[in-house]
Q: 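The structure is given below, and queries will be raised subsequently.
Chain naming here is simple, since letters A, B, ... match the order of the sequence lines and numbering starts at 1 in each.
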2 protein chains.
Amino acid sequence: MLKLSRLTDYAAVVMAQIARQPQASHAAADLAEAVQLPHPTVSKTLKMLVKADLLTSQRGAQGGYRLARPASHITAADIISAIEGPVAMTECSQAEGDCELVATCGVADNWQRVSLAIRTLLESVTLAHLADTTPIKLPVQLPIQSISLSAVTA
Amino acid sequence: MLKLSRLTDYAAVVMAQIARQPQASHAAADLAEAVQLPHPTVSKTLKMLVKADLLTSQRGAQGGYRLARPASHITAADIISAIEGPVAMTECSQAEGDCELVATCGVADNWQRVSLAIRTLLESVTLAHLADTTPIKLPVQLPIQSISLSAVTA
DNA sequence: TAATTGGGGACCATTTTAGTCCTGTATAAA
DNA sequence: TTTATACAGGACTAAAATGGTCCCCAATTA
């Protein structure tokens with residue numbers, strides 16, 4: 001399925017919610033209410049986002065969460081890595097790459113290219129895009145087909 | 001992590017192995033030996049690939065597996081869906097889309113666009129690409145950055 | 001008929017995930 | 001200074017997904 005974890009999904013929704021009122025401080029309880037998700041879970045998600053430096057937090061009364069930087073400078077890849085760790089399709093797509101089967105694998109190189117292409121794509125999508133409820137739609141089919149695997153430089 | 005399951009990884013490796021000798025019939029045991037993975041696991045993977053019509057099988061002595069069609073007509077998306085089900089980043093990226101939170105979500109549309117872009121990317125990568133051990137490398141950084149989210153038509 | 005090879009599914013162990021809760025600490029307002 | 005607010009950190013549990021194995025059956029060929 002190549003699916004995001006549910007928490008990552010929550011994170012995106014919550015981040016978008018915050019992004020729509022960037023000046024305000026957002027308490028976890030308010031956010032949970034706004035997005036209709038259980039408070040503890042939202043809270044957990046927020047903590048992870050703070051740890052990843054995507055949000056800043058302020059304790060105490062009138063405290064809450066704010067974006068650590070403008071929504072246009074936070075990417076989908078940032079959000080995903082904050083919750084799930086680095087975006088990589090396979091074990092060996094990660095830096096370490098200590099896969100024992102490299103010798104017999106034969107596809108490692110190319111999976112890494114694909115992985116990189118996806119990461120690049122996710123880095124090109126910003127929170128500002130995600131939070132935008134009226135996205136631009138171009139009528140033409142996209143040129144992504146033309147991006148051959150071989151064009152992705154390692 | 002947006003990671004492929006390990007079985008999917010195996011599937012890709014095994015498919016690539018078969019693709020390198022498309023005329024021959026490949027017994028599960030031989031493939032397992034070639035890629036250095038346990039026979040039962042490889043076998044399970046192969047069964048899934050047959051079910052997804054990516055491989056054909058032949059029982060009996062001298063039987064085994066063959067590609068159901070040329071490697072250039074089998075995509076990475078095909079292989080992934082064969083093992084993990086349809087490529088979709090979020091629950092609501094799938095056809096049904098019965099997410100109860102759509103009202104408060106606010107990012108569904110755009111996640112679907114991202115999801116589609118990734119799917120398209122994975123459909124553009126063929127088994128022939130994956131199996132190629134000497135991939136072409138272009139020296140220039142790819143133009144993927146230029147593909148804005150808004151360019152992805154739903 | 002015997003040997004080979006895949007088909008189908010049950011089954012189990014392990015890991016991951018989601019979700020909750022508790023205790024502590026910083027902050028602000030009264 | 002006190003009190004209420006709100007986040008920090010982490011322990012803990014339940015449920016689900018995953019990986020992996022195994023067994024018995026069906027088809028094919030020599």
Q: Which part of the nucleic acid, if any, lies within contact of A:L46, taking any heavy atom under 4.0 Å across all strands shown: a base, the sugar-phosphate backbone alone, or nothing?
A: nothing
Q: Tell me: NZ of B:K44 to C1' of D:dG19, nearest whole Å?
A: 6 Å
Q: Using whole Å, what does the distance between atom P of nucleotide C:dT20 and atom CE of A:M48 come to?
A: 13 Å
Q: Does D:dG19 have its OP1 or OP2 closer than 4.0 Å to a side-chain nitrogen or oxygen of B:Y10?
A: no
Q: Answer yes or no: does a side-chain N or O of A:T41 lie under 4.0 Å from OP1 or OP2 of C:dT20?
A: yes
Q: Could you pick out which residue, A:S5 or B:K47, lies toward the 5' side of DNA chain C when each is mapped onto its nearest nucleotide?
A: B:K47
Q: Counting only N and O atoms by type, is there a donor-acceptor contact under 3.5 Å from the side chain of A:T120 to the main-chain atoms of A:L116?
A: yes
Q: Give the rounded distance in Å between these two atoms: CZ of A:R59 and P of C:dA29.
A: 17 Å
Q: Spell out yes or no: do the side chain of A:R6 and the base of C:dA18 have one donor N/O and one acceptor N/O closer than 3.5 Å?
A: no
Q: Roughly, in whole Å, what's the span from CG in B:L101 to P in C:dA18?
A: 14 Å
Q: At less than 4.0 Å, is any side-chain N or O atom of A:Q58 found next to OP1 or OP2 of C:dA28? Yes or no.
A: yes
Q: Identify whether any heavy atom of B:H39 sits under 4.0 Å from a base atom; if not, whether one sits that close to sugar-phosphate; answer base, sugar-phosphate or nothing.
A: nothing
Q: Under 4.0 Å between a side-chain nitrogen and a carboxylate oxygen: does that hold for B:R20 and B:D132?
A: no
Q: Between B:A61 and A:P38, who's closer to the 5' end of DNA chain C by nearest nucleotide?
A: B:A61
Q: Atom CD1 of B:I80 to atom C1' of D:dT18: distance rounded to whole Å?
A: 17 Å
Q: Rounded to whole Å, please give me the gap between OH in B:Y65 and P in C:dT4.
A: 17 Å
Q: Give a yes or no answer on whether the side chain of A:H26 reaches the backbone of A:Q17 with a donor-acceptor pair at less than 3.5 Å.
A: no
Q: Would you find more than 12 non-hydrogen atoms of other residues, nucleotides or ligands less than 6.0 Å from A:H39 atom NE2?
A: yes
Q: Below 4.0 angstrom from OP1 or OP2 of C:dT5, is there any side-chain N or O of B:S57?
A: no
Q: May I ask you to say what B:A28 touches in the nucleic acid, namely base, sugar-phosphate or nothing, with a heavy-atom cut-off under 4.0 Å?
A: sugar-phosphate
Q: Mind calculating the distance between CG (B:D9) and P (D:dT18) to the nearest angstrom?
A: 14 Å
Q: For B:V35, is there any backbone N or O sitting under 3.5 Å from a side-chain donor or acceptor partner on A:T104?
A: yes
Q: Between C1' on C:dT20 and CG on A:L7, what's the gap in Å once rounded to a whole number?
A: 13 Å
